[in-house]
Amino acid sequence: RRRGRARRRGRGAPRGRRHGGVPGVARGGELEAWAGGPGFEPPRRRQRQRAGAPPCSPQTEFCLIGEATHGTHEFYQLRADASLALLTSGASPFAAVLIEADWPAAARLNAYVRGHPGATLDAALAGFRSRFAEWMWSNQELASFAERLRAFNATLPDAERRGVYGLDIYALQASADAVVAHLEAAGDVAGARAARRRFSCITRWGGGADYARALAAGAPPCRDEAVNALVATMRSAAAAQPGGGGPGSPAAEATLSAVANARAVASAESYYRAMVFGGEPAWNIRDSAFLDAALLVRKTMADAAAPGAPPPRLILWAHNSHLGNAAATSMGALRGEHNVGQLLVEAFGRRKVCAVGQLTAAGTVACASSWGGRVWRRAVRPPLEGSYEALLAASGRPSFTLDLRDPASAAATALAAPALQRAIGVQYRPKTERPSHYFSARLVDQFSAVVFFAESRAVDPVPVPAGWGTVLGYDDDSGAESD
């Protein structure tokens with residue numbers, strides 16, 4: 001039935017036409033004037049779709065590389081290439097990457113890139129397929145990055161190898177199980193028994209969504225149990241490491257993971273409780289947990305470094321909505337939401353945080369039509385008039401980077417006015433494009449730099465899903481019916 005339907009293919013990005021409808025935003029001729037001026041990095045001839053490395057300065061301690069979708073090849077490729085350059089070069093290279101994935105799944109990838117015994121790439125990618133939106137991290141782009149980082153790490157001692165860690169808190173059950181397993185491996189039988197008992201207040205219901213439903217039905221909250229388990233785990237981690245081992249060793253990484261997983265359980269409990277009872281927005285709890293994870297990794301690395309060593313420098317991979325300063329968007333202004341990008345700027349200052357957003361105007365994206373649905377390659381609807389994507393596409397250039405750090409630059413001046421910005425997550429609903437996928441932002445205050453691709457394509461999932469050769473048009477309902 002699907003084969004018989006006519007599908008509208010994604011239209012190419014608008015080329016060279018005037019941008020209208022947004023007071024104070026550059027229009028056709030002005031755009032051409034500043035697009036080749038200060039702050040513009042033209043694409044390389046042989047790497048047309050790779051628009052350049054993030055403009056990180058020697059003072060940058062956190063490089064945040066965002067994405068406008070969770071399923072665009074060019075975003076993943078640029079992020080991987082740029083991160084490898086930051087991780088492998090310079091007098092003070094970056095030490096680790098933290099990704100918008102759950103800690104237990106990312107721990108498998110970390111073990112692989114560090115060359116831990118028995119770790120395989122297949123097992124690392126399989127860890128990301130344990131819950132919905134598996135294509136986000138089980139894809140060819142991440143696999144290539146992992147292989148290249150592992151090869152580089154093989155030239156370094158354990159203590160200097162670069163790691164990959166998770167930021168997210170959705171794997172409540174897996175994180176609880178990992179804490180118990182670590183305590184058992186450390187020989188702390190009583191501690192493992194106590195942790196299992198405390199976590200059972202939450203895990204007896206199943207996953208996080210099940211816990212939320214239980215709370216809504218009248219079950220008592222498990223805040224105290226989650227916090228007590230975290231405190232006990234931190235004490236155990238401070239006391240000993242199973243089997244010994246220096247920084248970067250399997251034992252040291254296991255100890256870090258135990259604390260991170262206990263933190264994830266405590267944050268997840270707060271997150272799902274907020275979804276039921278209100279109070280602080282659940283979004284804020286989740287992004288605060290992202291910050292906690294990054295600072296935990298940073299402190300662990302700093303504690304293991306030689307006296308007087310500079311602070312560890314970290315790279316974060318997540319959606320633009322998490323990494324661009326939320327205070328410069330309607331998320332913050334209208335909904336009172338913050339994000340990890342904003343929290344880092346507030347804690348460390350703008351000079352130490354370089355946030356790079358990535359945008360696209362047309363092409364295809366890997367996405368689902370509903371939560372838990374199957375992944376499709378779907379055409380991306382042309383950008384709305386009044387959006388940053390439409391403005392940038394009007395330059396007629398296939399890809400470029402705009403450095404926005406200097407407010408007096410031509411690029412920053414032209415993009416100073418607020419405009420619409422598109423955000424596609426794991427779900428894409430083109431028929432409700434405006435309310436579902438656009439928000440208002442001030443790009444120059446949101447990001448240090450922006451990378452733009454006029455046309456892009458979907459990531460390559462591993463394994464290749466059934467029917468992946470089909471591209472759904474943005475007005476095609478067959479994907480929703482199959483979900």
Side-chain angles (χ1 to χ4, degrees), residues 96-111 124 127-128 130-133 136-137 163-183 185 191-192 194-212 215 221-238 253-275 280-300 314 316-319 322 339-340 343:
V97 180
L98 288 99
I99 66 177
E100 189 185 337
D102 298 316
W103 188 283
R108 294 188 184 188
L109 182 62
N110 183 53
F128 295 116
S130 61
R131 70 172 180 87
F132 174 59
M136 262 185 72
W137 300 115
V164 180
Y165 303 96
L167 292 166
D168 226 330
I169 58 174
Y170 286 136
L172 194 157
Q173 181 71 61
S175 286
D177 291 344
V179 173
V180 173
H182 172 79
L183 294 172
R196 186 180 290 109
R197 184 184 68 253
R198 288 166 177 148
F199 288 144
S200 68
C201 177
I202 307 171
T203 58
R204 64 185 170 133
W205 303 110
D210 299 309
Y211 173 60
L215 292 177
C222 301
R223 175 176 50 193
D224 293 343
E225 289 82 355
V227 171
N228 289 339
L230 170 58
V231 171
T233 304
M234 294 178 69
R235 287 175 178 166
S236 175
E253 292 298 302
T255 301
L256 168 60
S257 284
V259 176
N261 278 308
R263 281 180 179 268
V265 173
S267 296
E269 191 282 327
S270 297
Y271 174 82
Y272 289 108
R273 179 161 38 85
M275 291 180 68
E280 184 177 6
W283 173 279
N284 288 1
I285 294 171
R286 182 171 171 231
D287 269 65
S288 294
F290 286 10
L291 177 68
D292 289 343
L295 296 186
L296 173 63
V297 170
R298 192 172 192 255
K299 183 180 185 304
T300 301
L314 302 180
L316 273 64
W317 294 1
H319 198 277
H322 292 294
N339 61 16
V340 66
L343 295 175

J.: Which pair of heavy atoms, one from G166 and one from L98, lies closest together, and at what distance?
T.: O-CD2, 4.5 Å

J.: Is S257 reaching over with its side chain to a backbone N or O of E253, donor-acceptor style, under 3.5 angstrom?
T.: yes

J.: CZ of R197 to CG of N228: how many Å apart, nearest 0.5 Å?
T.: 9.5 Å

J.: Is there a side-chain contact between L256 and Y165, using heavy atoms and a 4.5 Å cut-off?
T.: yes

J.: Please answer whether the main-chain N or O of E100 pairs with a side-chain N or O of W137 as donor and acceptor at a distance below 3.5 Å.
T.: yes

J.: CG of D292 to CD1 of I285: how many Å apart, nearest 0.5 Å?
T.: 11.5 Å

J.: Flag the pair Q173 / Y211 as yes when at least one side-chain heavy-atom distance between them is below 4.5 Å, and no otherwise.
T.: no

J.: Side chains of S175 and D102: does their closest heavy-atom pair fall under 4.5 Å?
T.: no

J.: Rounded to the nearest 0.5 Å, how far apart are CE of M136 and CD1 of I99?
T.: 8.0 Å

J.: When you compare the side chain of L109 with that of F128, does any pair of heavy atoms fall below 4.5 Å?
T.: yes

J.: Run the numbers on I202 and E225 for side chain to side chain contact (heavy atoms under 4.5 Å, CB included), then give the verdict.
T.: CA-CA 9 Å; I202 307 171; E225 289 82 355; 6.0 Å; no

J.: Kindly write out the residues that satisfy salt bridge (Lys or Arg N to Asp or Glu O under 4.0 Å) with R263, not counting sequence neighbours, or none if the list is empty.
T.: none

J.: Looking only at non-hydrogen atoms, find the nearest pair between T203 and A176 and report the distance.
T.: CG2-CB, 3.9 Å

J.: What are the two closest heavy atoms between A254 and H182, and how far apart are they?
T.: O-ND1, 3.5 Å

J.: Hey, are D168 and R286 close enough for a salt bridge, meaning a charged N less than 4.0 Å from a carboxylate O?
T.: yes

J.: So how far is it from F290 CZ to L343 CG, rounded to the nearest 0.5 Å?
T.: 11.0 Å

J.: Locate the shortest heavy-atom distance separating V179 from A258; write the atom from each residue and the value.
T.: CG2-O, 3.5 Å

J.: Take atom CZ in R131; do more than 12 heavy atoms of anything else shown fall under 6.0 Å from it?
T.: yes

J.: Which pair of heavy atoms, one from L215 and one from P221, lies closest together, and at what distance?
T.: CD2-CA, 3.6 Å

J.: Please identify each residue that fulfils salt bridge (Lys or Arg N to Asp or Glu O under 4.0 Å) with R273, with sequence neighbours left out.
T.: E269

J.: When rounded to the nearest 0.5 angstrom, what distance separates OG in S267 from OH in Y272?
T.: 11.5 Å

J.: Tell me whether the centres of the aromatic rings in W283 and H322 are closer together than 6.0 Å.
T.: yes

J.: What's the separation between atom CD1 in I169 and atom CG in N261, rounded to the nearest 0.5 Å?
T.: 12.5 Å

J.: For residues L172 and A268, report the shortest heavy-atom separation together with the two atoms involved.
T.: CD1-CB, 3.8 Å

